[in-house]
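Working notes, structure below.
Remember, it's 1-based here, ligands and their atoms both numbered in the order they're listed.
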Amino acid sequence: MGDKLRPAAGFGPRLLMAQGLVILAGSVTVLTVALLLAPGLFRAHVEQTVGPIPTNLAEHLQIAFARATLTSLLIGVMAASVTGLAVGWYVTRRVVDPITAMAQAASDVAEGQYSTRVTESGLGVEFDAVGLAFNQMARGLAATERTRAEILRDLAHELRTPLTTIRGYHEALSDGVLTVDQKTYALIEDELSRVERLVDDIARVSVIEERRYDLRLQQVHVKELLTTATASATLSFQERGVTLTCDVSQDCVVRGDPDRLQEVLANLLDNALRHTAAGGRVTLSAACSNNTAELAVADTGEGIAAEHLPRIFERFYRVDSGRSRSRGGSGIGLAITRALVEAHGGRIRAQSPGPGSGSTFTITLPTEPKPTATHPRHKHGRAE
Ligand code: ADP
């Protein structure tokens, strides 16, 4: 009920009424001024031309003049009011029609018709800016709605697989087909962990994509970024027999949140490790140019076929969903990675010569001017 506006006179009648008031005020002013000034001026003019005239004749003339003036002014004012109101009605329609169209479009969007758009009003830049902003908002809502539907569909699909497996075990156990032993518990545990991981990833991707987190921006040296990421990942690489090399020959400064950038590198290193067999190599490197830093994670692993490359950053997209799922992948890691990189004003791309030939993921970030001795404020690692 609080949402409902009180029914009131529309904007059009009010605008027309305002114009009527302007005409009325103008007319009253013209009449008053003319009646106060014209008779005196007329008498002075006559006396100047024919000399002094007798008082009774002067009064006669004055009354006759005042009447003639009043009559013609009244007719003039009435004619002006009619033409003025006609023009006012036209102007009012020109102004009110686009506003009515905008109100209708807003109510359509409120009812969920996100394809509604408003056309250019022709009322000037301010109205056009409102129209443009409205269309942008409607497009944004349509995209959000599409994403929501996609997420629900993908989510249902992703949850169905482990839940079907768990139900299968449950039925086999209750029918006595399967015996209760450590192996069965471990299998069920695996599927449950998969669901948990999926739920965590989904929560994380929605926080990241909706930017519901703070970026603690500061100046970050890419060399330090790579060294830290390598140190954190070394142990798991050793365990899997994959060589991790860090090339820190170049250094430059980017503006970013070191924790989030570490998360980005950790995701890429984790992927590289999961897709590279023992004996393979993963290299982390940086290349600095004038305005950008390019961080690359290159592996000699299984590679990615050209048809999959454009899609791997999409949520839930996996090249080989069965295999990836069995390795714990929910297809969300790269979506999170891309959203984090873009929040830093950067870009991420994947390249691969093809299956079996390894992959390279490259992040491009804008760089900051290098700290110099004359700018002590730009000291490395200092939060701003
Ligand atoms: P997942 O959690 O399944 O790994 P990601 O979003 O991290 O999901 O990756 C999407 C898909 O991209 C993966 O399923 C995998 O097929 C492919 N991919 C990612 N990184 C690599 C890599 N370094 N080498 C080969 N394929 C990769």
* So is Gly301 close enough to ligand 1, meaning a heavy atom under 4.0 angstrom away? -> no

* Structure fact -> Taken to the nearest 0.5 Å, the spacing of Leu284 CG from Thr227 OG1 works out to 8.5 Å

* Structure fact -> Note: ligand 1 atoms sitting under 4.0 Å from heavy atoms of Ser359 are 22 (C), 24 (N), 25 (C)

* To do: Mark up the atoms of ligand 1 that fall under 4.0 Å of a heavy atom belonging to Ala272, in ascending order.
  => 23 (N)

* Asked: Do any nitrogen or oxygen atoms of Gly303 lie less than 3.5 angstrom from nitrogen or oxygen atoms of ligand 1?
  -> no

* Asked: Can you name the side chain to side chain contact (heavy atoms under 4.5 Å, CB included) partners of Leu24, sequence neighbours left out?
  -> none

* N or O contact, Arg274 vs ligand 1, cut-off under 3.5 Å -> yes

* Kindly identify the option in Ile312, Ile304, Ile332, Val297 whose heavy atom sits closest to atom 25 (C) of ligand 1. => Ile304

* **Lys/Arg-Asp/Glu bridge criterion (N-O < 4.0 Å) met for Glu294, Arg349** => yes

* **Heteroatom distance test (Gly331, ligand 1): nitrogen or oxygen, under 3.5 angstrom** => yes

* Cationic N near anionic O, under 4.0 Å, Arg274 to Asp270 -> yes

* Asked: What atoms of ligand 1 come within less than 4.0 Å of a heavy atom belonging to Gly333?
  -> 5 (P), 6 (O), 7 (O)

* To do: Drop me the distance from Glu302's CD to Ser352's OG, to the nearest 0.5 angstrom.
  => 9.5 Å

* To do: Go through ligand 1 atom by atom and flag the ones less than 4.0 Å from a non-hydrogen atom of Leu334.
  => 5 (P), 6 (O), 7 (O), 9 (O), 10 (C), 12 (O), 19 (C)

* Please list all pairs passing the ring pair (Phe, Tyr, Trp, His ring centres under 6.0 Å) test where one or both residues lie in residues 56-91, with sequence neighbours left out. => Phe42-Phe65

* Which one of Phe313, Phe316, Tyr317 has a non-hydrogen atom at the shortest distance from atom 10 (C) of ligand 1? -> Tyr317

* **Short N-O contact, Glu314 and Arg338, less than 4.0 angstrom** => no

